[in-house]
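Written below as structure tokens is the structure these notes are about.
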Amino acid sequence: MPELPEVETVCQGLRDTILEKTIAKIKINRPNLRYPLDHQALSTFHNHKITAVTRRSKYIILHFDRHQDVILIHLGMSGRIHNYADTTVDKVKHTHVEFDFKDSTAIHFIDPRRFGFVHVIKSTNLNDYWHGKRLGIEPLNDELTATYLHQALQVKKISLKAALLDQSIIAGLGNIYVCEALHLSKLSPYKITNTVTLEQCDTLIHFIKIVLRKAIQAGGSTLRDHKKVNGDTGYFQFDFHVYNQESKLCRLCEVEKIIRVKQNGRSTFYCTACQLVS
DNA sequence: CGCTCCACCTGAACGC
DNA sequence: TGCGTTCAGGTGGAGC
């Protein structure tokens, strides 16, 4: 499911529903997702209150009152979190973790493909954790400057598409928003990183921020799995210029048709007329 | 070391 | 209807 806008949408939904709620019980229905679930560590959150929900890249972080650890949730490709008005509802297929609250509401972690995971980490070790994952900077942060990106791209010789998917440069972009940002920037996904100029980096950053902000406003993109925590779909998929728009007319030049190619094993959608290598 | 590929899973969509 | 194939929003380890 989820790139940064989808994860941010889920975080916002969680803030609306579970802040200040106290965990009654965390139920684990499956011993492992991508990684083994730490039953013991998760049980230490019983009777603790959620004080904040934050996001780093595509990770959701639950913070608690009087607890030195945080719960990290990654949604993988197909993960979602659903809010329930009571703890006794019938759970849907692939509900792997249930967080029951003292007020008898609940949130469930659902993930058919099980590429997602739930980790317990010491708050003080969070920075080390991000460091270990080689996470780069947040795209919506002011830290993302043309100078930073230019420097990062200059030392590499890979396609611009691959570089933007590299989480150690910018953390949070995925296949959809990289395709969209490249198109708006009129840059070829095949352009080699060390040929990207400072000005082009500036343009790229401008459109990365725009496309992410718009997508967050739209509640993310629902292709199949992504849902807000209340069950609503996002609707940014209706604003796609290139992603999943194969053979449709390019919305920039209105002449050429969007094509789909394979890059590093993943689909790239782009306009051969607008998105130049030079 | 830098980079590409593939596995990890389930399920939906499509072709025959 | 059913079976086989391909594809999907991410990540990280193997191998070149």
Side-chain angles (χ1 to χ4, degrees), chain A residues 1-11 29-37 55-60 72-81 92-96 109-119 129-136 139 152-182 189-194 208 211-212 214-216 218-228 233-247 260-269:
Chain A
M1 149 201 180
E3 302 181 31
L4 187 151
E6 289 73 36
V7 178
E8 180 59 31
T9 299
V10 170
C11 284
N29 302 325
R30 168 172 259 282
N32 60 291
L33 300 171
R34 184 187 182 96
Y35 305 111
L37 284 153
R55 178 190 60 72
R56 169 77 168 107
S57 185
K58 301 167 192 169
Y59 296 76
I60 298 161
L72 277 191
I73 300 175
H74 196 290
L75 300 172
M77 285 277 262
S78 60
R80 62 193 186 90
I81 295 176
V92 300
K93 203 174 175 184
H94 307 298
T95 297
H96 304 309
F109 177 81
I110 302 149
D111 184 9
R113 295 177 75 180
R114 306 202 303 274
F115 292 168
F117 54 87
V118 177
H119 269 165
Y129 185 83
W130 306 136
H131 193 73
K133 298 282 181 187
R134 300 268 129 81
L135 272 197
L153 295 181
Q154 224 170 15
V155 297
K156 288 182 175 286
K157 272 192 181 171
I158 58 175
S159 69
L160 188 50
K161 167 87 186 298
L164 294 177
L165 284 175
D166 181 345
Q167 303 297 300
S168 74
I169 301 175
I170 299 175
L173 301 179
N175 208 28
I176 293 175
Y177 300 104
V178 166
C179 288
E180 293 297 321
L182 283 170
Y190 288 108
K191 186 169 176 62
I192 300 300
T193 44
N194 65 355
I208 285 171
V211 79
L212 292 180
K214 282 191 177 175
I216 291 169
S221 306
T222 298
L223 298 183
R224 46 168 58 82
D225 296 303
H226 170 61
K227 294 250 169 54
K228 304 196 203 180
T233 63
Y235 50 90
F236 192 72
Q237 64 278 12
F238 300 119
D239 277 339
F240 288 169
H241 280 210
V242 290
Y243 191 84
N244 265 356
Q245 307 303 304
E246 186 180 8
S247 81
R260 170 205 191 117
V261 295
K262 211 76 158 175
Q263 262 183 305
N264 305 89
R266 310 190 67 186
S267 285
T268 295
F269 299 86

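As the structure is a prediction and not an experimental result, all values here were calculated from the model. Letters A, B, ... are given to chains in the order of the sequence lines, protein chains preceding strands, and every chain is numbered from 1.
At a threshold of 4.0 angstrom between heavy atoms, the contacts of Phe117(A) with the nucleic acid are absent. Using a 4.0 Å heavy-atom criterion, one finds that Ile158(A) contacts the sugar-phosphate atoms exclusively. Residue Arg260(A) is in sugar-phosphate contact alone, with no base atom involved, counting any heavy-atom pair closer than 4.0 Å across all strands shown. Contacts of Tyr243(A) with the nucleic acid, taken as non-hydrogen atoms under 4.0 Å apart, involve only primed sugar atoms and P, OP1 or OP2. Gly265(A) comes within contact range of no nucleotide atom at all, as no heavy-atom separation falls under 4.0 Å.
You'll find a donor-acceptor pair under 3.5 Å spanning the side chain of Arg34(A) and the base of dT11(C), going by distance alone. Not a single donor-acceptor pair, N or O on each side, falls under 3.5 Å between the base of dA8(C) and the side chain of Arg266(A).
In this structure, the nucleotide among dC5(B), dG11(B), dG9(C) sitting nearest to the side chain of Asn264(A) is dC5(B). Relative to the side chain of Tyr59(A), the nucleotides dG12(C), dC3(B), dA12(B) differ in distance, and dG12(C) lies closest. Listed nucleotides dT11(C), dG12(C), dG11(B) differ in distance to Lys133(A); the shortest reach to its side chain belongs to dG12(C).
Enclosure of atom CZ in Arg30(A) by more than 12 non-hydrogen atoms of other residues, nucleotides or ligands within 6.0 angstrom is indicated.
When the P atom is used for both dC9(B) and dA14(C), the distance is 15 Å, rounded to whole Å.
Classification of the His119(A)-Phe117(A) ring pair by plane angle, with boundaries at 30° and 60°, yields tilted.
For the pair His94(A) and dG11(B), the criterion of a side-chain N or O lying under 4.0 Å from OP1 or OP2 is met. Regarding contacts with the backbone of dT10(B), a side-chain N or O of Arg114(A) is found under 4.0 angstrom from either OP1 or OP2.
Between the side-chain ring of Phe115(A) and the base of dT11(C), no stacking contact exists by the 5.5 Å and 30° definition.
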